[in-house]
Each structure stands twice: as C-alpha cells, then as structure tokens.
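In what follows, a structure is listed as structure tokens, so that the remarks can point back to it.
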Amino acid sequence: MGEMLVTGGAGFIGSNFVRMALAHTDDRIVVVDKLTYAGNRANLAGLEQGLEHGREQGPKQGRVEFVRGDIADAELMDRLVASADTVVHFAAESHNDNSLRDPGAFVHTNVVGTYALLEAVRAHGARLHHISTDEVFGDLPLGTDERFTESTPYNPSSPYSATKAGSDHLVRAWVRSFGINATISNCSNNYGPYQHVEKFIPRQITNILTGRPAKLYGSGAQVRDWIHVDDHNSAVLAILEHGTPGETYNIGADQAAVSNKEVVELICELTGGTYEHVADRPGHDLRYAMDASKLRRELGWRPRYTDLREGLAQTVAWYREHVRWWEGVKDGVEKQYAQSGQ
Ligand code: NAD
Ligand code: DAU
C-alpha cells in the first residue's frame, strides 16, 4: 500500500477523484487543501476516518487523512511530500471570472504554490501528476473543426489560464532540468456533482431551482468541450498507472459541438426554467475543443458519459437532492455576479 498526496482534494474535481481513487487503488490518501471559498470538507464526508464504506469496513479504515494547509507553504509541502509515493496536484484558483476581479490569488496558488510543490517533489523524488486545463492553448474560432493537440502553442487569455500555463511550464522545466518524474494533463470543461455554484452549469441549475432565470453571457455562441468529472478522473488514474514520465496528455470527451446557449436551453428543458442574456465576460474565449486521441490510442482510455443530455439530467438530479450542500452560498455568489451585471 502506497501513499498518495492529493492537493485540492476538497474541491470539485479533487474530491470526486479521492472517491474514485479509493475504489481503484489500495493507496492511503492524504488530502491537503487550504479550504478557500471553493474547498468544502463536506465534499469528503464519509471518506475520512475510514467511513468511505460505512463504519464496519475494518481493512479500509483510516485510508483518508485531511490536512488543512496552503500549497505555497514550502515547509508543509516538504513534510507532506516526504512520505508520499505519488502526488496528484489539483489545488488551484479555478474560476476565470474571479481571476478578472482578483488575479493575485491566482498567481499565489497556481504559480507560487506549484513551485513549492515542485521543489518538494524534487527533494523527495515522488511521482507527480499535474492537473491542467485546455485554456492554456487560448481559444479557437467558432464554426471550424480545429482542435487543440498536445503540441498546440500556449496562448492563454485570462489571468486564470495564464497562471495555469505558467504552472505547466514550471512542471516541464522541472522535468527537463531536474529530472523529476512528472506527467501533465490538460482537460476540457468538467461538470458533475460537487461543482461550486459559481460555475456555468451548476449556476444555471441552482438559479432555476431558486426561482431565478438562468444567465447566459453575451450571445451564448461560445462553445465548451464538456466532460463529466468521472471521465476526467478515470483518465487521470489511467495516466498515473500507464502514462509515460515527462509526457502531456489532452483529456476530452468529444463533446465540442454544443454552444453555451444550447446547454442553457437543455438545462431549461430538464428543469422547466427560463433564461436571460447578461453582460459578457471580458476577453471571453470563443471555443475550446480537445483532441484526446493520444490518450485513447496510447492508454486505451474511453469516456463513459457520451450523452450530454443524460449527464446533465443526472447532474440536475444531484443538485435537487443536495440543496443543503449549496443553498448557504448561493445568494452570496449571485450578489457578486450582480455587481458585474451578470
Ligand atoms: P475548485 O475551485 O473546485 O477546487 C480547488 C481546490 O483547491 C479547493 O478545494 C480549494 O480550497 C483548493 N485550494 C485553492 N488554493 C489552495 C492553496 N493555496 N493551497 C491548498 N489548496 C488550495 O477547482 P476544480 O474545478 O475542482 O479544479 C481542480 C483542478 O482542475 C484545477 O487545477 C483546475 O485548474 C483544473 N481543471 C479544472 C477544470 C474544470 O472544468 N473545473 C477543467 C480542467 C482543469
Ligand atoms: O476549459 C476548462 C476550464 O473550464 C477550467 O480550466 C476552469 O477551471 C473552469 O472554470 C472552466 O472555465 P470556463 O470559464 O470555461 O467555465 P465557466 O463555468 O466559468 O463558464 C463556461 C462558459 O459559460 C463560458 O463560456 C462562460 C459561460 N457562462 C458562465 C457563467 C458562470 C455563462 O454564459 N453564464 C454564467 O453564468
């Protein structure tokens, strides 16, 4: 049994990853998370102290340990990485709109935090997988079939994507200059349970569930390449198990044919809601589309969720069934959006 350190494991993708990793590996998992507004210990409810399969599961008890801390804390990273065999790095400031209001937090966590982690990995020789985004490549024109590949030049648009691009470059430099054992994945837009209500899909679902209209930025012609969070995480597990050190893998589920307007219309259809157009995001990226053929070809990975309507229906059901998980933060998020006319 090894030890896996998961940074940002109390966030959306990280907490879903911890749940999946418990089912697929025998590793003990240490989660390190600062618990910013986006981190929620309730996302790990039942997983800590051996509760993942109920109190009676003797052999699996104590497999998840939670440590509250900042990844930019070099001393803490050194201590935690020292006992880890594998590090899976999800921790980040993740929301583009916030990066337009307060870029400093993004530089701190995404760049300085990744640097502190890399130095600890260099010192102790753990295997690192760095989680990144398709946004590092910039955007593609609407109405074409172009896709991002692993060799598309970096061209980030927002402070968020620029800091993620910076973190990718740091990882690559530490691989080449210091020989650390690391892989990188760049994934498209995730959706699914435990996603913060600031993000597009949960915002619209919870708007409608609270009697508000869904809110579409600008014309809604922009296109995102939606992937279910479990498909992202199964790809990460495949890379951890079979990926080649030093390599980058694109992750996407071939869903880049749906505009934001079409996604909102689908959500309205599933919930009986309505939508309105609101102020556009400054510098709004037009289209993302991932070519994930390397991952499919080399690692045999396949997505499980290939029908967006079905994935969205499951997600709507989750938000209906977990009102207590999101209702406490909903009004605050909407108040903040209202300040930018969104
Ligand atoms: P999230 O905002 O839901 O979670 C981020 C987590 O990181 C939170 O638990 C937060 O408390 C923690 N965190 C933030 N700053 C920290 C710090 N300084 N030290 C320790 N913990 C800190 O984000 P998410 O959507 O789950 O994204 C996770 C990762 O996946 C990020 O690296 C993001 O760039 C990447 N990613 C996200 C998507 C997406 O669609 N959401 C797609 C591709 C890649
Ligand atoms: O592409 C991967 C990226 O996807 C990740 O790296 C980011 O962490 C993640 O937040 C996401 O970034 P986006 O900016 O694409 O996601 P967001 O959910 O904020 O918005 C998705 C699209 O929907 C985008 O075109 C903006 C639009 N939008 C968003 C919100 C919140 C709306 O039309 N209305 C909204 O209310």
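Order of listing sets the numbers, starting from 1, for every ligand and every atom in it. Just so you know, residue 1 is the first one in the sequence shown, and it goes up from there.
In terms of protein heavy-atom proximity, atom 4 (O) of ligand 1 is closest to Gly11 CA, 3.5 Å. Nearest protein heavy-atom neighbour of atom 11 (O) of ligand 1: Asp33 OD1, 2.6 Å. For atom 38 (C) of ligand 1, the closest heavy atom belonging to the protein is Ile13 CD1, 3.6 Å. Atom 19 (N) of ligand 1 has as its closest protein heavy atom Ile71 N, 2.9 Å. Residue, atom and distance of the protein heavy atom nearest to atom 21 (N) of ligand 1 are Lys34 N, 3.0 Å. Protein heavy atom nearest atom 40 (O) of ligand 1, with residue, atom name and distance: Asn190 N, 2.8 Å. Scanning all protein heavy atoms for the shortest distance to atom 22 (C) of ligand 2 gives Asn260 ND2, 3.6 Å. For atom 30 (O) of ligand 1, the nearest non-hydrogen atom of the protein is Ile131 CG2, 3.4 Å. Looking only at heavy atoms of the protein, atom 31 (C) of ligand 1 is closest to Phe90 O, 3.1 Å. In this structure, the protein non-hydrogen atom closest to atom 3 (C) of ligand 2 is Glu135 OE2, 3.0 Å.
Every heavy atom of Gly9 sits 4.0 Å or more from the atoms of ligand 1. Under the 4.0 angstrom criterion for non-hydrogen atoms, Ala10 is in contact with ligand 1. At least one heavy atom of Ser188 lies less than 4.0 angstrom from ligand 1. For the pair Tyr160 and ligand 1, a heavy-atom separation below 4.0 Å is found. Ligand 1 is approached by Gly69 to a heavy-atom distance shorter than 4.0 Å.
Of all the heavy atoms of Asn189, the ones lying under 4.0 Å from any atom of ligand 2 are found in both the backbone and the side chain. By the criterion of a heavy-atom distance under 4.0 Å, neither the backbone nor the side chain of Asn186 is placed next to ligand 1. Counting heavy atoms under 4.0 Å from ligand 2, residue Arg224 touches it through the side chain alone. When heavy-atom distances to ligand 1 are checked against a 4.0 Å cut-off, His95 has no atom that comes that close, whether in backbone or side chain. If you look at Ser132 next to ligand 1, the close heavy atoms, those under 4.0 Å, all belong to the backbone. Here Gln204 has side-chain heavy atoms under 4.0 Å from ligand 2, and that is the only part of it that gets that close.
Closest heavy-atom approach to atom 14 (O) of ligand 2 within the set His284, Lys199, Arg281, Gln222: this belongs to Arg281. With Tyr288, Tyr217, Tyr337 as candidates, the residue nearest to atom 35 (C) of ligand 2 on a non-hydrogen basis is Tyr217. Counting only non-hydrogen atoms, the option in Glu135, His108, His232, Lys164 that gets closest to atom 32 (O) of ligand 1 is Lys164. Nearest to atom 7 (O) of ligand 1 by heavy atom, out of Ser94, Gly39, Ala92, Gly113, is Ala92. Here atom 18 (O) of ligand 2 lies nearest to Phe200 when heavy atoms of Tyr160, Trp226, Tyr191, Phe200 are compared.
Each of the following atoms of ligand 2 lies closer than 4.0 Å to a heavy atom of His95: 19 (O). Counting the atoms of ligand 2 from 1 in the order shown, those under 4.0 Å from a heavy atom of Glu198 are 31 (C). Close contacts between ligand 2 and Asp134 involve ligand atoms 1 (O), 2 (C) [criterion: under 4.0 Å to a heavy atom]. Near Lys215, with a cut-off below 4.0 Å to any heavy atom, the atoms of ligand 2 are 32 (C), 33 (O), 34 (N), 35 (C), 36 (O). Against a heavy-atom cut-off of under 4.0 Å, Arg203 is close to the following atoms of ligand 2: 35 (C), 36 (O). Close approach of ligand 2 to Ser94 (heavy-atom distance below 4.0 Å) involves ligand atoms 7 (C), 8 (O), 9 (C), 10 (O). Each of the following atoms of ligand 1 lies closer than 4.0 Å to a heavy atom of Cys187: 42 (C), 43 (C). Interface of Leu216 with ligand 2, defined as ligand atoms under 4.0 Å from a residue heavy atom, comprises 33 (O). Under a 4.0 Å criterion applied to the non-hydrogen atoms of Thr133, ligand 2 contributes the atoms 1 (O), 2 (C), 3 (C), 5 (C), 6 (O).
In this structure, Glu310 places its CD atom where only 12 or fewer heavy-atom neighbours from other residues, nucleotides or ligands lie under 6.0 Å away. In this structure, Asp307 places its CG atom where more than 12 heavy-atom neighbours from other residues, nucleotides or ligands lie under 6.0 Å away.
Between Arg79 and Glu75, none of the side-chain N atoms (NZ, or NE/NH1/NH2) sits under 4.0 Å from a carboxylate O, so this pair counts as no salt bridge. Using a cutoff of 4.0 Å between basic side-chain nitrogens and carboxylate oxygens, Asp85 and Arg28 are not scored as salt-bridged. No salt bridge links Arg287 with Asp134; every basic N to acidic carboxylate O contact stays at or beyond 4.0 Å. Salt bridge status for Arg281 with Asp97: present, with a side-chain N to carboxylate O gap under 4.0 Å. Taking a cutoff of 4.0 Å between a charged side-chain nitrogen and a carboxylate oxygen, Glu334 and Arg203 qualify as a salt bridge. Between Asp70 and Lys34 a salt bridge is recorded (basic side-chain N to carboxylate O distance below 4.0 Å). A salt bridge between Arg122 and Asp78 is absent, with no side-chain N of the basic residue lying under 4.0 Å from a carboxylate O of the acidic one.
Under the 3.5 Å distance criterion, the side-chain polar atoms of Gln336 are left unmatched by any main-chain donor or acceptor of Gly332.
Annotation: cation-pi pair Lys215/Tyr337 absent, no NZ/CZ under 6.0 Å from the ring centroid and within 45° of its normal.
Counted by atom type alone, His129 and Ser185 present one or more donor-acceptor pairs between their side chains at under 3.5 Å. For the residue pair Ser167 and Asn110, no side-chain donor N or O sits within less than 3.5 Å of a side-chain acceptor on the partner.
In plain terms, the two heavy atoms of Arg68 and Leu35 that are nearest each other are NH2-O, 3.3 Å. The two atoms that bring Trp326 and Tyr319 nearest to each other are NE1-O, 2.9 Å, heavy atoms only. Scanning all heavy atoms of the two residues, the minimum distance from Leu140 to Ala289 falls at CD1-N, 3.8 Å.
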Go through it in stages, so that I can follow the logic: the residues are Tyr275 and His277, the test is ring pair (Phe, Tyr, Trp, His ring centres under 6.0 Å), and I'd like the CA-CA distance, side-chain angles, deciding distance and then a yes or no. CA-CA 7 Å; Tyr275 72 92; His277 294 269; 5.8 Å; yes
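Ring planes of Trp325 and Tyr194: perpendicular class, angle over 60° (limits at 30 and 60°). Between Phe178 and Trp174, the two ring planes are perpendicular [angle over 60°; tilted spans 30° to 60°].
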